[in-house]
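Here is the structure we will look at.
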Amino acid sequence: MVCWQDLEESFRMKLSLTKVVNGCRLGKIKNLGKTGDHTMDIPGCLLYTKTGSAPHLTHHTLHNIHGVPAMAQLTLSSLAEHHEVLREYKEGVGKFIGMPESLLYCSLHDPVSPCPAGYVTNKSVSVWSVAGRVEMTVSKFMAIQQALQPDWFQCLSDGEVSCKEATSIKRVRKSVDRSLLFLDNCLRLQEESEVLQKSVIIGVIEGGDVMEERLRSARETAKRPVGGFLLDGFQGNPTTLETRLRLLSSVTAELPEDKPRLISGVSRPDEVLECIERGVDLFESFFPYQVTERGCALTFSFDYQPNPEETLLQQNGTQEEIKCMDQIKKMETTGCNQEITSFEINLKEKKYQEDFNPLVRGCSCYCCKNHTRAYIHHLLVTNELLAGVLLMMHNFEHYFGFFHYIREALKSDKLTQLKELIHRQAS
Amino acid sequence: MPRCCNSPHFIQEKIMAKRVSDCSSKVLGMGFVPSSILILRFTVLRGPELIQKANGLHGFMNWPHNLLTDSGGFQMVSLVSLSEVTEEGVRFRSPYDGNETLLSPEKSVQIQNALGSDIIMQLDDVVSSTVTGPRVEEAMYRSIRWLDRCIAAHQRPDKQYLFAIIQGGLDADLRATCLEEMTKRDVPGFAIGGLSGGESKSQFWRMVALSTSRLPKDKPRYLMGVGYATDLVVCVALGCDMFDCVFPTRTARFGSALVPTGNLQLRKKVFEKDFGPIDPECTCPTCQKHSRAFLHALLHSDNTAALHHLTVHNIAYQLQLMSAVRTSIVEKRFPDFVRDFMGTMYGDPTLCPTWATDALASVGITLG
């Protein structure tokens, strides 16, 4: 019989809420990590990585970004194929990737690359890497986590049912059942391993768009000694937004207050705010990466209390961008298969050829302090790798800055202003 | 005022665009960066006005150190099909919009003046080193005439150093003639061109040695297109001061790391579980932080960070090599340095390739 109480007590990490405003949770998670001395702010985001490295960025370059989150997201889809190497390495993935000082959360999939459906069975889940499919039973999954030694990891789960497409109730039920079974088995294996006990399992809430199943998943998962919760399958398109948000509220209402809530597949600024209002604490930061891949720079404003001159300039800027919206929308989608949003500018456009302004006036990032739109435009047009480096630096810093402002807005009860500001800029 | 740099020096190629970020380059202590011919091609096709508006190339790139621009001739001829060389200049068709442009010596210098680079190159009539016959002679004489036209057109001799480029292919007589003529012109420096094309190494070193023996001792000698470590060391021995090559960064982008014993193809399976750094003696950020195994894994992903790690290391390797060369010269032990270098690279100094042994012997350095 699994002694859950022991596991519960072994959690040193502690989530303390400073305040809750309109459903938004502001607080800190303390005593994180193997040494128990890391802290994370919530609401917050995780650093998005590919194969254990921020996209385009060396360790050195990453350190030139302000506000890098304390916790990075690794994906099993990029690391599972290196299981043998990590096992032989013995010292854990953090040290292997050159980020021994960072907190690490290991998710199953990469939020940017969708994976083909039909590969979850009662006994296994598959992830898709560059090398191909890696099938994992519970024991293989836990063996991999034992080699990785992350601080947190998403439990093996059946995430094929999302809110995106209509699925039979039978299939939805199965996703919840399977995920709970996987969770119980993983917890059991964790009990038997000293190494694994140093990591925290994040329980996964499934249930598609079926309220009943979502609630069941939430309640049942909450009974288990997990360190936090991942709200899975809530990504989708704008038409289903209201449904998804309603489901989200109901789900988080079932979850204990003192454990963090992560959400997968949601990273756009407007959606982030909606989810925070519904009790979500932590987000993935893949949106700035997607923006980078299409040669764009985040320019949306989140300073809800700028000085009057800045407001005027920004308003004029925003109007300019809105005028170009139709034009932008007509443009071809890029490698990330996403349309350009109204939160960004497309540096490939000819009008930036002689624009010697920084990407965003007043931005303190390395790119804005040292380079111009014209230069970035040139790098993009000539297909130079440096474009990706500079854009990634800016986009990450801008995005992390946004989260900082969310926390500040919550602190000073100005979330409504921030929300209005973001909403004005959302398409 | 012109900036200065130590010699002999490796000029990092094409860094304008393939550059590491400024913070990384500060760590490496880079002294000199040649501008990408890409930017020159770009401005030839669009005019240098954009760069002028940006306060020259230094302003556009935000690069406070030295810059060297090539004339555009080589790339025009080698990279653009439908180009034609006449006495006027190089006439070519733009791959972007199909328009015809003429790159004349005057135009090339005009553009480089606008770019504001510290060292600028004459437009030369470049012929591949594997070409023989009257074309080589024609190109050599034309290059002299074009040098004169470049000198005449140069608007900023106090701020930008115009280098001549010695041609003449692999023909000793032609090259000697070119040297004799070009050294009559008062230019601040000389490049040795028309080599590093596809010729045998045996012919290559003899042309380099001939060139350096006839060039003034008090002006820099810039050997173009040489970047393999062995070649660099040998050509320093032969009297060259400056080098440039796409090799270290290009090979980095293919997953190859430069080491004193040659190179490591890090994508290969043999490095999968190799938990040491690329080079334990190397002080670059990549070697300080990362293992071969991690780089191997990263190279098999689609994260470009892998390429940047290797680029930083390979540039550091080149710079560290040249720094070691300079130190050994200052400390009057360059021949020992060469022997050590060859020993490390080839296992034993006597296993060094014949051409290198011959070249070194010609300046009194014996190996083993």
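Owing to the predicted nature of the structure, the values given are computational and were not obtained by experimental measurement.
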CD of A:Glu397 to CE of A:Met392, rounded to nearest 0.5 Å, is 11.5 Å
Chain A heavy atoms under 4.5 Å from B:His296: which part of the residue, side chain, backbone, both or neither?
-> neither
Within a radius of less than 6.0 Å around NZ of B:Lys268, do more than 12 heavy atoms belonging to other residues, nucleotides or ligands occur?
-> no
So, the part of B:Phe294 with a heavy atom under 4.5 Å from chain A: the answer is both
List the steps and the verdict of side-chain contact (heavy atoms from CB on, under 4.5 Å) for A:Gln149 and A:Lys34.
-> CA-CA 10 Å; A:Gln149 298 157 40; A:Lys34 308 269 168 48; 4.0 Å; yes
If you round to the nearest 0.5 Å, how far is CG of B:Leu68 from CG of B:Leu115?
-> 11.5 Å
Which residues, numbered in order, of residues 72-83 of chain A come under 4.5 angstrom of chain B by heavy-atom distance?
-> A:His82
Interface residues of residues 91-106 of chain A facing chain B - non-hydrogen atoms under 4.5 Å apart | A:Phe96, A:Ile97, A:Gly98
Euclidean distance, B:Ile119 CD1 relative to B:Gln160 CD, rounded to 0.5 Å | 10.5 Å
For B:His313 and B:Asp279, test the side chains for any donor-to-acceptor distance below 3.5 angstrom and give the result as yes or no.
-> no
Aromatic ring centroids of B:His308 and A:His56 under 6.0 Å?
-> no
Using non-hydrogen atoms and a 4.5 Å limit, figure out which bit of A:Val85 sits close to chain B: side chain, backbone, both or neither.
-> both
Please look at B:His290 and chain A and tell me whether the side chain, the backbone, both or neither of the residue comes under 4.5 angstrom of a heavy atom of that chain.
-> side chain
A:Tyr89 versus chain B, the contacting section by heavy-atom distance below 4.5 Å | both
Picking from A:Gly52, A:Ala54, A:Gly388, which has the most non-hydrogen pairs under 4.5 angstrom with chain B?
-> A:Ala54
Classify the angle between the aromatic ring planes of B:His65 and B:Trp63 as parallel (below 30°), tilted (30 to 60°) or perpendicular (above 60°).
-> perpendicular
SB check A:Glu344 A:Arg294 (cutoff 4.0 Å) = yes
The residue among A:Tyr48, A:Tyr399, A:Phe396 that forms ring-ring contact (aromatic ring centres under 6.0 Å, His included) with A:Tyr289 is A:Tyr48
Strictly by modelled atom types, are B:Thr69 and B:Gln112 linked by a side-chain donor-acceptor pair under 3.5 Å?
-> yes
Given A:His378 and B:Phe60, is the ring pair (Phe, Tyr, Trp, His ring centres under 6.0 Å) satisfied, shown in steps?
-> CA-CA 10 Å; A:His378 165 76; B:Phe60 188 61; 5.5 Å; yes
What option among A:Thr49, A:Thr51, A:Leu86 has the most heavy-atom pairs under 4.5 Å with chain B?
-> A:Thr51
Side chain of B:Asp274, backbone of B:Ala293: donor and acceptor closer than 3.5 Å?
-> no
Please flag which part of B:Leu307 lies under 4.5 Å from any non-hydrogen atom of chain A: side chain, backbone, both or neither.
-> side chain
